[in-house]
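The structure appears right after this line, and notes come after that.
The chains referred to below are lettered A, B, ... by the order of the sequence lines, with proteins before strands, and numbering in each begins at 1. Computed from heavy atoms alone, side chains included, the values below leave out hydrogens, waters and symmetry copies.
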Amino acid sequence: MAKRIVINPITRISGFMEIEAFIENNIIVDAKTEGLLFRGFEKMLVGRSPFDAVYFTERICGICSTAHGVASTMALEAAMKVIPTEQGRYLRDIIHGCEFLQNHIRHFYQYTTPDFIKLPENYPLYVTDHNDFRLPEEKNALLVKHYFESLDLSRQAHEMLAVLGGKAPHNHGVFIGGITTQASTDKIIKIKSILNSINQFIRDKMIPDAYTIGEYYQDYYHNGGGYGNLLSYGCFNNYAELGTLYVDPLAYKDGSIRPFYPSGISEEIDYSWYSDDTEPYMDKPKAYSWVKAARYYGIPFETGPLARQWLSGEYRHGISTMDRTIARVLEAKKITEVIGVLLENITPDVSVQKEYSIPEAAEGEGLIDTTRGALGHWIEIDDRVISFYQIITPSGWNLSTRSGNNLKGTAEKALIGTTIQNSDNPVELGRIIRSFDPCVSCQLMYIQMVGI
Amino acid sequence: MIKSEKTICQRMKQIIEESESNIKMLFKMPCIYARTSVLFELSANTAELNELCSQLIENENRQVQPTQSNITIEQLSQFTGKNGNPAYVAVNGIVYDVTNNAAWAAATHFGLTAGKDLTDEFASCHAGHSILDKLKVVGKLI
Amino acid sequence: MIEKNPGICPMLNASSGTAKNLIEKIKSEIMRNSLVKRDLIWLELTGCSGNIISLLNGSNPDFKFLITNMVNLIYNNSLMAAEGEAALDALVNKTGSDYILAVEGAISTKNNGLYNIIGRWKGEPLTALKAVQLLGDRASHVIAVGACATHGGVSAARPNPAECVSVQSILKRKVIKLPGCPCHPDWFLGTLAHILLYGEPELDDRDRHLLFYSMLIHDRCPRRSYFDNGVFATRLGEKTCMFKLGCRGPVTRIDCPVRQWNSYVNWPIRDDTPCIGCAMFGFPDSMEPFISYDTTRKR
């Protein structure tokens, strides 16, 4: 007889989710990941000015707002046939890079480490419900110190973002053509200076800390694997002169890497709370989540830092809970290097803005890999207003529900087969799920789209 | 409610008398709290004066209407503030120019757009007429 | 008409009474042991959880100072170590004693609140709606943080599919409102500091903390002279007045021009973009369009 375990809330993620798992002989035999927040952005966007999509969609998510600004801007540029200048792209990608750093530092220290290190319990916030803490006292104390130090660094990552983006979260800088303002030398040097501190912190503390955790939790290199299918839309890539600084659009399956084709994306709602005409419908039999099921040629794929590190050849140690965390901190370092290169190539004081006009009717897509993975925005314009908007987020891939062919979502698959040490305190579940960096705030979408 | 010029002037005179006696009192008052309370009264008086003056100006505006252009609702709909056109809105039959009114950035105001008769919307948000007095009148809505 | 004593000149107030001053005051109170740390519950509800991220961006006071010297942070979904029912224990056990409640996000009321479940307690879903009802009345103070909590914000944007409402719509008690998308860390920390030191701060008729929300952006805008002289930008990136592009500074009461964001390095207008009125009631629907070009052209 399988034992049913429910964890809700899964804390230390953005948004709200529940894990439901069934355990037999200490092994997870079935699992569901359930997104528990619905807002309906795609419906809200209909009828609004296309220009407003950039700032509006940023409000989908508080921790990765820039990602939505970037994807939305790219979709608009495609619809309006605006090709941003290389300088515009560099500047926009610098802002996007700052968001990566803010995210990865906060995700690693504030969201991930409390699973593995014991934070001071004189803070009510850090009282825990289990005792599987394996680091020796000295090392634990060092990581606790870094937990608090990291707050300064993630804050500075947003400060760096605001230098070009005006404010964060929900910046104003990312816009059609690149960014709104110009990079004057005082701004460039300010960013360089902050970047330098962040780079040092990542190199000297964050990466060693991740490996320290890995050392004491070796078993986590052997669980949470999932399908092992990896996918990226590409980011920091395909510059006219600089080429690809990070990763191109690629997909990995059955041991081989192939180019990624956007036409393979689909999204299914068989197990999500939507009716056939895409209205919210919570009484639907079998359905259990607001998250839908993103698929690539019908198959679930994992997306995010590990996928990118793997596809770009930077890190191919393995596909597991711990590898995801290691890949995230290594990627943070990679991003500081990418921002460094982009900064070197900035021409100061260049304005990339024009007076734009909205076409009578048009459509466009914006696909970009962002902190948590592959993000897509699709826009249709009719009568100069938005007539259709579609968003598929990284969590739509990683935290997806089952699909029509009954293939489980990527994280669901990753949970199954895991050995649970103590079924009264199943810490393994949360640790595996957090390695995907779920963002349920983002998962609040509506409209089914098959074969865009 | 439109008051006649005579009623307005009578009330103004009354307020000025009250104010003068208040000012005299102020000179003699030693207590700071009492002074504050009289000052409040004075301030209320000036506010009311301002209101009354506005009404006078508005009456004036009404009178000059015939000499200004008559604007049909169809003509009004051209004045959206877009593509080089000024931004006009109509309230209670009078057409105002909001092209450079700070609260009408990009010819929009709290979700409302220019080129329309906004009488009902105005009534639901702005009591009194003092805001309208500051706007340039361009004509009468017919 | 002047309806109540306007108090100190808001200009003076803003320059002398910053959040930082309040924090300095707190520091000295702590030194003298006269400040008692109180319990804080921070609920994330129907929204983007961006206000807690913004709070982490606070500098002097920063997050560590907040949880070490100002409050015991009892519950926060994004940051707490515990998970599942053990996490909710902290919340449910709190209802008997003194605490300050901060809420970010709106409250989805559709389907009896089931569009936003924040946890499961004894097998039953705890909706955002139920959580606010449970904790709202018994808190010593309720602070609505950010646009969604104060007036529905983006979560309630038309056609409002999740039927989101503000915190005030659910509670009959006084709710201090700190609109903004997100809320600046100083606006929250300054308000909290005031509560800890002196009790409820002075609020305007819409329950906003006057210290931060008393003046229009337009009145302190560094580009005001361009407005007065009719010099208007026709695209983003220009250094003149962005009124014709749709700037909502003239209708938005908040101190962004003097405070600025993210360790005080920048703010939207300095970034050559219009204010989109994110700190004003009615955002986003009443503040749109955010950016227009067809009003900038000359005849």
Side-chain angles (χ1 to χ4, degrees), chain A residues 6-12 14-16 18 36-40 43-44 48-49 51-52 55-56 59-63 65 110 114 119 123-129 148 151 154-155 158-159 162-163 165-170 172-173 175 180-182 280 282 351 353-357 430 441, chain C residues 46 48-54 56-57 59 62-64 67 72-74 76-84 86-87 90 111 114-120 154-155 157-159 161-162 181-182 234-237 261-263 265-268 270-273 276 284 288-291 293 296:
Chain A
V6 175
I7 305 179
N8 180 8
I10 300 292
T11 48
R12 286 176 282 116
S14 190
F16 305 93
E18 173 171 297
L36 300 174
L37 171 64
F38 174 83
R39 290 196 287 165
K43 199 150 243 186
M44 292 173 186
R48 290 179 201 269
S49 161
F51 293 133
D52 291 359
Y55 297 163
F56 198 95
R59 268 81 187 171
I60 290 170
C61 176
I63 194 164
S65 64
Q110 274 67 52
L119 288 157
Y123 293 98
L125 196 63
Y126 303 134
V127 172
T128 52
D129 41 21
F148 286 108
L151 291 166
S154 54
R155 181 182 70 223
H158 257 174
E159 181 183 339
V163 171
K167 80 189 229 289
H170 308 331
H172 277 224
F175 201 68
T180 57
T181 192
Q182 303 90 45
M282 287 190 87
S351 176
Q353 283 300 312
K354 295 198 174 77
E355 253 184 85
Y356 299 110
S357 57
S441 309
Chain C
T46 322
C48 73
S49 295
N51 291 288
I52 189 71
I53 295 295
S54 186
L56 291 176
N57 285 343
S59 55
D62 61 8
F63 181 74
K64 191 180 179 192
I67 61 168
N72 297 308
L73 184 51
I74 302 294
N76 175 259
N77 189 67
S78 284
L79 297 166
M80 65 194 305
E83 64 183 13
N111 217 357
L114 285 171
Y115 279 33
N116 183 196
I117 295 168
I118 69 163
R120 196 173 279 279
V154 166
S155 297
R158 72 165 164 71
C181 190
T234 59
R235 57 191 168 105
L236 305 182
W261 284 77
N262 300 92
S263 305
V265 292
N266 208 350
W267 67 298
R270 195 170 152 197
D271 205 43
D272 304 328
T273 60
I276 61 171
E288 292 196 349
F290 297 151
I291 294 166
Y293 295 98
T296 66

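- Contact count against chain C (heavy-atom pairs under 4.5 Å) is highest for A:Ala162 among A:Ser351, A:Ala162, A:Pro114.
- Contact count against chain A (heavy-atom pairs under 4.5 Å) is highest for C:Ile67 among C:Asn72, C:Ile67, C:Ile74.
- For A:Phe51, the part lying near chain C is the side chain, with the backbone staying farther off; criterion is any non-hydrogen pair under 4.5 Å.
- Distance check, rounded to the nearest 0.5 Å: CD of A:Glu355 to CG of C:Leu236 gives 10.0 Å.
- A:Asp52 places a side-chain N or O within 3.5 Å of a backbone atom of C:Phe290 that can act as its donor or acceptor partner.
- Contact of A:Thr180 with chain C is made through backbone and side chain together, with heavy-atom distances under 4.5 Å.
- Between the side chain of A:Arg39 and the main chain of C:Pro161, no donor-acceptor pair closer than 3.5 Å is present.
- Among residues two or more places apart in sequence or in another chain, the side-chain hydrogen bond (donor to acceptor under 3.5 Å, both in side chains) test is passed with A:Arg48 by C:Asp285, C:Glu288.
- Between the side chains of C:Asn57 and A:His158, at least one donor-acceptor pair of N or O atoms lies under 3.5 Å.
- Interface check for chain C: of the options A:Gly165, A:Ser154, A:Ser65, the most heavy-atom pairs under 4.5 Å are formed by A:Gly165.
- The choice from A:Pro169, A:Gly173, A:Ser49, A:Gly430 that makes the most heavy-atom pairs within less than 4.5 Å of chain C is A:Pro169.
- Contacts of A:Leu119 with chain C are absent, with no heavy-atom separation under 4.5 Å from either backbone or side chain.
- In this structure, chain C has heavy atoms under 4.5 Å from both the backbone and the side chain of A:Phe56.
- Counting heavy atoms from C-beta outward, A:Leu37 and C:Thr46 have side chains that approach closer than 4.5 Å.
- We find the OG1-CE distance between A:Thr11 and C:Met80 to be 6.5 Å, quoted to the nearest 0.5 Å.
- A:Glu159 has its side chain out of reach of C:Ser59: every pair of non-hydrogen atoms, C-beta onward, lies at least 4.5 Å apart.
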Could you go through the side chain to side chain contact (heavy atoms under 4.5 Å, CB included) check for A:Arg59 and C:Cys48 one step at a time?
CA-CA 6 Å; A:Arg59 268 81 187 171; C:Cys48 73; 5.6 Å; no

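- If you measure heavy-atom distances from A:Glu18 to chain C, the contacts under 4.5 Å come from the side chain alone.
- Counting only heavy atoms from C-beta outward, the side chains of A:Lys43 and C:Pro159 approach each other to under 4.5 Å.
- With a 4.5 Å cut-off on non-hydrogen atoms, C:Ile52 does not touch chain A at all.
- For a residue to count as touching a neighbouring chain, one of its non-hydrogen atoms must lie under 4.5 Å from one of that chain's; by this rule C:Tyr115 touches chain A with backbone and side chain alike.
- Note: A:Tyr55 OH to C:Thr273 OG1 = 4.5 Å, rounded to the nearest 0.5 Å.
- Among A:Ile10, A:Asp129, A:Ile7, the residue making the largest number of heavy-atom pairs under 4.5 Å with chain C is A:Asp129.
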Verdict with supporting geometry, A:Gln182 and C:Asp272, side chain to side chain contact (heavy atoms under 4.5 Å, CB included)
CA-CA 9 Å; A:Gln182 303 90 45; C:Asp272 304 328; 3.8 Å; yes

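- When every heavy atom of C:Ala87 is checked against every heavy atom of A:Pro9, the shortest pair comes out as CB-CG, 4.4 Å.
- Heavy-atom distances place both the backbone and the side chain of A:Lys167 under 4.5 Å from chain C.
- Once rounded to the nearest 0.5 Å, the distance linking OH of A:Tyr126 with CG of C:Leu79 reads 6.5 Å.
- Considering only heavy-atom pairs separated by less than 4.5 Å from chain C, the leading option among A:Met282, A:Gln110, A:His172, A:Gln353 is A:His172.
- For the pair C:Lys64 and A:Tyr123, the tightest heavy-atom approach, listed with the atom from each and the gap, is CE-OH, 4.3 Å.
- C:Ile117 has its side chain within reach of A:Asn8: a pair of non-hydrogen atoms, C-beta onward, lies under 4.5 Å apart.
- Here the OG1 atom belonging to C:Thr234 is positioned 13.0 Å from the NZ atom belonging to A:Lys354, to the nearest 0.5 angstrom.
- With a threshold of 4.5 angstrom between heavy atoms, C:Asn111 approaches chain A through side-chain atoms but not through N, CA, C or O.
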Side chain to side chain contact (heavy atoms under 4.5 Å, CB included) between A:Phe175 and C:Ile291, worked out
CA-CA 11 Å; A:Phe175 201 68; C:Ile291 294 166; 3.7 Å; yes

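- With a 4.5 Å cut-off on non-hydrogen atoms, A:Val127 touches chain C through its backbone but not through its side chain.
- In this structure, the portion of C:Val265 lying under 4.5 Å from any heavy atom of chain A is its side chain and not its backbone.
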